[in-house]
Structure formats: C-alpha cells, structure tokens
2 protein chains.
Amino acid sequence: MKKLINAADTVVDDALNGLAAAHPGLRVSGRVVYRAAGPRPGKVGLVSGGGSGHEPLHAGFVGHGMLDAACPGEIFTSPVPDQIVEATHGADGGAGVLHIVKNYTGDVLNFELAAELAEDVEVVAVLVDDDVAVQDSLYTAGRRGTGATLFVEKIAGALAEEGAPLTAVAAAAGAVNERSRSFGVALTSCTTPAAGKPTFDLPDSDVELGIGIHGEPGRARVPLVSARELAGVAMEAVHGDLPLQGDLLVMVNGMGGTPLMELYVVFAEVASFVKGKGARVTRSLVGNYVTSLDMQGFSVTVCRLDDELTRLWDAPVETPALRWGR
Amino acid sequence: MKKLINAADTVVDDALNGLAAAHPGLRVSGRVVYRAAGPRPGKVGLVSGGGSGHEPLHAGFVGHGMLDAACPGEIFTSPVPDQIVEATHGADGGAGVLHIVKNYTGDVLNFELAAELAEDVEVVAVLVDDDVAVQDSLYTAGRRGTGATLFVEKIAGALAEEGAPLTAVAAAAGAVNERSRSFGVALTSCTTPAAGKPTFDLPDSDVELGIGIHGEPGRARVPLVSARELAGVAMEAVHGDLPLQGDLLVMVNGMGGTPLMELYVVFAEVASFVKGKGARVTRSLVGNYVTSLDMQGFSVTVCRLDDELTRLWDAPVETPALRWGR
C-alpha cells in the first residue's frame, strides 16, 4: 500500500486539519465541519455525513448554498450519534434541521438516534437511495445512496438559502432523490489505510458492474470492455429503472483514482446515449465528487430536472468542491 | 492496463468530445478548444497548450478570466505548430496574443514556430519553468514548467480580462513565474494508453522525489515515508530556492490517481511548514489540476503574492476546472 498519510489511525483528523487550513470559510471542531459564519437565524440547517473515504463528500460541500455541517466518520464507518447531535445543534438557526442520509444501515440508525437525542431541534430526515445496481447489499437494506447525495445537498441547500421552511426543503430533497438514479463501475478495488490491502480482488482483465462506494459487490463481474460499452451498461441500468426523458442533470463521477481525461471519455458516451433516447443533458458535472478512496472507475448519476430544480441547481454555491455564481 | 477508453489512438479526441458536451461555454474545433463566445475585441488573447494527459490543464482552464484557447497535443506530446497558429488566430481580438508555454523543448520550439507563422498577430511568449527539482531533464533544457502554469494563466487571464495591454499582461505572467516554485513526488508511475505499461519502474516500497509530470526522473528515489516527511522534502526544496515569506498562494496538486483525502493530509503539513517559516498561506488550491494521467503522488506549488496578484487571483473566473466569483 502506498498512501500519502502520516498513520492509518490519524488520516481522518489529518485530512480535516488540511481542510480547515485550506478553507477559511469552514470551521472544524472535533469531527464536525461547519460554516465558519455559523448558522443563519431563520434558515433551515442542512446536515449530512457518513463514513470518510468519499471526499469531497460531505465536508467539501459545506458552505453557502449547500450544507451547514458535515459529520465525517472513520473511513467507511458511520459517524456516531453524539457527533451528529453536535452538528445538528451547530447547524440549527431556529428553523429546524434537515438530515441528508445515505441509505446504509449504520448511517440510518445513527442519524435516527441523533434526531431523537437532539430533542430541542426539529429534525426531518431524507434518505438517499439512488443506486439501481442492487436491491440489498453489504451494509444496506434496500438501495444504496451514492451520487444523488450531491444533487440533494445542492438543490435542498439552495432552497434553504432562500428561506424556505423545513417541510418545503425536505420535500425538495425527497423529490430530487426520487428523480435520480445512479450506477457505478469499478476497474480496481480500493484500499483502506487500516487494512493496507485491496478490499476485494478483481482480476487484471475484469471490471465490477454495479460497484458500491465501499467496494460492495454489484451485478456482475465481466471482462474490461470499451468506455462506450461500459457507459452503455451503466446508462441502460439507469434508463431501465427511470426512463431518460426531458432535461437531465448528469454527473460522471470518478471513484478517486481515475484520471479526468477518462471521465470525459465516459461523459461523451453518456451524452451520446442520452441523445439517442431523445432526452437532453442540460446540466452536468464531470470529476471526483463521491469517491471510494483510490478506486479506479466511475459512476453516472442522472436526475430529471424541471424548471424549478434547474433554477435551484444554478443558484450560487460556495463550498470547497462546488463553487459558482456568487 | 485498465483504462476507461475506447482505443488508445482516439482517447484525446474522445475526451475533447466529452469536454465539449459537458461545457457549452467551450467550442472544440479539431484539436483547439476555444471560448464559445469567441475573442473579445480589444482584449489580449491567451493561448496555452501542451501534451495531453495533464487534465484539466490546459483545456479545462479556457473561459472567462483565464485562457481564450488551448491546444492539446497527443498524450505527453507537444501540439503541432499549425494547431497553435489556428488557436492564435482564433484567440486574437486585435490586441495581440500571449503564448503561455511550459518549458519543454518540443513545446518551446513549436510555439516559437507558430508565433512566426501567425505573422499578422502580435505574439509575446512567456515561458513557465517553476519546477526546482532538476536543472535539466528528459525533454527539457533548464527547469521544467509544472504547477505555476495554472497561476500564470489565472493571473494573466484576469489582467487581460480587465483590458490591460499585451506588454502588461506578459509582464504579469513573467512575474508570476518568477515568484513561483514547484516540487513533485511520485508514489507510482503513470501509464500511457499507447504504451499500456508503466512509464518507469518504481518499487513498491519507494517514491521518486522531484518527479516530472511525464514521469521524468527527479532528484532521488527513497523509501516511502510519512506525508509529513514528504511534504517537508518538497517544501525544503521550494524554500531553498525561493525563501518562503509574506503572503503565499499554495497549491497541493494531485498527480491524477491520488485521493483528495490524501492531498488534504499533505496540505495540512505544507501549511504547518509555511507557518514554521513565518510566512502565511493566504490563498490555496487542493485538488487535481496539473496531472500525469493515473500517477499517484502530489506536487506543491508556491507563489509569493502581493496585493495586486492577490486581487487578480481573486478576480472572477469561469472555466471547467476553476470557477468562482461571477
């Protein structure tokens, strides 16, 4: 294992120190990342979190127009309830707090418990479960939450920034999840610093179709084929679950170890696929947003937009990993 | 070799197709990437380019506040003179064109020839040679140009956007290069699609200090040590060449295959080193900006800021890879 770390057991805190040093707009307190300016009175607070190893998710999305606080757990490990309670209080501007929770059993339980413990704060949770690859999986009952988390955080964050009430922000978050689907492909495993060896074995000639962001098994293991064919498999899976139509927000996301050049090769194929179905890519993202440590591979996430969702997507955002229009 | 490509000989064009599909603000014509809006009359045009494989450099920096056109060559191969001539004409708004050239022999010769061939356009070239690792190297007489290219493109681009004349834009570009230094560390080799195997051999236990962005040899090969020690080696090399003082713009750049989490671990150490020298990190970037395909590793680039350079760094920019304030 070759990693740029000081020690396996300090990597999360060391990376948070770097995040704080690089971004004066953030405040890191223990294992919670806040906006340095604190909660805005009267604004719904947005809190998300989950295991580390998926950077920039979630701490890289804290800032104006997106999250108020993020709780990074240990690598691939849910944040603990106390941490989420602390984030919930720190994000509360008096208008309640939305928990954005990826559908993994540990995350769901810990966020539920935290919502109960933060009893003086009104909390609503939205579950993200966009990954169409498998119904149940390692760590998950039902679908896994992956790339759509970013879409939910951005769009709900924009609405909260406008002063919408908690019910409306939660409804928008739920709508984005309902309208979004994802599918991932791994070319290699990831390696956690603690384990020091690949999480799973994948022969040099094969890829895993429908990979999870912790290396959970997908639908099939097949020989490596062209980017066009792999993009086709991913898009057929998405399209088969929620037909592509109208205006689409499309993210081609790198798993952490894949060069940007290759992600653009995949994006070209995804855009071509969408066009072939008579739909339109009207907004897009290409890059590393919801990663799995050093895994090579990609995921594609598609959201059916309407005018209001497009407007909220375009709204100003200022976070370490997404920044525009302000 | 596992890559998300259709074929080794189409990867550059396939990626450019993806870039065009993802970014309606760009226009790709053959092997030149322009702003879709075309050159602004009276504005100095900025053209850069070089071998592909360093994405998002350079095409990812085309847009408001940065480049007017970029010429991607084949992977790790200079763009050809005709391509640069075409870009120079396409970027010319009547106020002349600045060529921003990384100091590699092929790039230098081809940009020089192109400047002669584009005889109806006033062209000034600035060479970027910020890498302190080695004096001469594979492909280069003198120092190599690496991370400072981004700083030069951003700051000169901001000045050009304000309507400054060619002499002033060129002077600012030169000043940024003079005030910038870089040093890179590789944990692994990169693999070009055409070769299909690693460019160089690096044992599992070793790293290459002073690596070039095409895998050129650096200063030494040593056992892998902690992020703190590696950051220390890189920063001592930078500091030894241009002492750290005052306000600094610092980029911790990933080589393409390194997770963001690890880059933040390195950034924390770099920031700590700077503080120890009594200087201040006042602006920063952490991410994949000047890459070397799938190489794992990082580079650090430091620029001594003053008030005017800080103002130009902060000016609005809207490109695929850098976007803020507009």
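Each chain gets a letter, A, B and so on, in the order its sequence line appears, and its residues count up from 1.
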Interchain contact, Ala271(B) with chain A, by part (heavy-atom threshold 4.5 Å): side chain
Contacts with chain A made by residues 272-293 of chain B (heavy-atom distance under 4.5 Å), listed by residue number: Ser284(B), Val286(B), Asn288(B), Leu293(B)
Side chain to side chain contact (heavy atoms under 4.5 Å, CB included) partners for Arg31(B), two or more places apart: Val12(B), Asp13(B), Leu16(B), Glu74(B), Gln83(B)
Top contributor to chain B contacts, counting heavy-atom pairs under 4.5 Å, from Val270(A), Leu230(A), Asp206(A): Asp206(A)
Residues of residues 48-56 of chain A contacting chain B, heavy-atom criterion under 4.5 Å, by residue number: Ser52(A), Gly53(A), Glu55(A), Pro56(A)
Option in Val185(A), Asp204(A), Asn17(A) with maximal non-hydrogen atom pairs under 4.5 Å from chain B: Asp204(A)
Contact class of Leu19(B) relative to chain A, heavy atoms under 4.5 angstrom: both
His23(A) and Tyr264(B) aromatic centres sub-6.0 Å: yes
Over 12 foreign heavy atoms within 6.0 Å of CZ, Arg228(B): no
Per-residue contacts, residues 253-262 of chain A versus chain B, heavy atoms under 4.5 Å: Gly256(A), Gly257(A), Thr258(A), Pro259(A), Leu260(A), Met261(A), Glu262(A)
Closest-packed option against chain B by number of heavy-atom pairs under 4.5 Å, given Ala7(A), Ala15(A), Ala321(A): Ala15(A)
Chain A contact via Leu322(B) - which portion, at a heavy-atom distance below 4.5 Å: neither
Most contacts with chain A, counted as non-hydrogen pairs under 4.5 angstrom, among Ala22(B), Ala21(B), Ala20(B): Ala22(B)
Atom group of Leu57(B) that falls short of 4.5 Å from chain A, counting heavy atoms: neither
Closest non-hydrogen atom pair between Leu4(B) and Leu187(A), with its separation: CD2-CD1, 3.7 Å
Distance-minimising heavy-atom pair for Val11(B) and Val265(A): O-CG2, 3.9 Å
Pro24(B) versus chain A, the contacting section by heavy-atom distance below 4.5 Å: neither
Interchain contact, Leu224(B) with chain A, by part (heavy-atom threshold 4.5 Å): side chain
